[in-house]
Amino acid sequence: MEDGKGQKPTIDQQINVELSEEVAEGIYSNLAMIAHSNSEFVIDFIRLMPGVPKAKVKSRIIMTPDHAKRLLAALKDNISKYEQAFGKIEGGSEGPTFPLNFGGNFGEA
């Protein structure tokens, strides 16, 4: 909404966010798959385990394209701040190095 002068009003309210104990524990994910339509982005967070033939989607997030773009900007900003504090994150540009079927006998200990 504009204020009649072509400017968007600022939001001076604080948002009270509730975080339950269960959600605060988090969910580990080592793979994300992203799909989109003209109206939404769907991000599936997946956990792959060695020797287990089936990967499980642990969480699915659905958001608008606008929110997806804001998430991308926030991730870029946070990664930049992380790297300034702790050093460059190696990798990240290549895909997973494990076989995507992730089952069977692919290695020995």
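Between atom NE2 of residue His36 and atom CE of residue Met63 there is a gap of 14.0 Å, rounded to the nearest 0.5 Å. To the nearest 0.5 angstrom, Ile46 atom CD1 is 9.0 Å from Asn30 atom CG. Atoms NZ and CZ, from Lys56 and Arg47 in turn, are 9.0 Å apart once rounded to the nearest 0.5 Å. The CG atom of Leu31 lies 5.0 Å from the CG atom of Leu48; values are rounded to the nearest 0.5 Å. Expressed to the nearest 0.5 Å, how far CG of Asn78 lies from CD of Glu83 amounts to 11.5 Å. To the nearest 0.5 angstrom, Thr64 atom OG1 is 9.0 Å from Phe41 atom CZ.
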Test log, rule side chain to side chain contact (heavy atoms under 4.5 Å, CB included), inputs Ile61 and Asp44: CA-CA 7 Å; Ile61 305 297; Asp44 286 332; over 6 Å; no

Take Leu71 and His67 through the side chain to side chain contact (heavy atoms under 4.5 Å, CB included) test and state the conclusion after the steps. CA-CA 6 Å; Leu71 174 62; His67 284 105; over 6 Å; no

Apply side chain to side chain contact (heavy atoms under 4.5 Å, CB included) to Ile89 and Ile79, showing your working. CA-CA 8 Å; Ile89 300 170; Ile79 288 171; 4.1 Å; yes

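Checking side-chain atoms of Glu40 against main-chain N and O of Pro65 turns up no donor-acceptor pair under 3.5 Å.
In this structure, Leu75 is a member of the same hydrophobic cluster as Phe45, with clusters built from ILVMFWY side-chain heavy atoms closer than 4.5 Å. Linking Ile, Leu, Val, Met, Phe, Trp and Tyr residues whenever their side-chain heavy atoms come within less than 4.5 Å places Val57 and Met33 in a single cluster.
Arg60 is listed as a side-chain neighbour of Val42, based on a closest heavy-atom distance under 4.5 Å.
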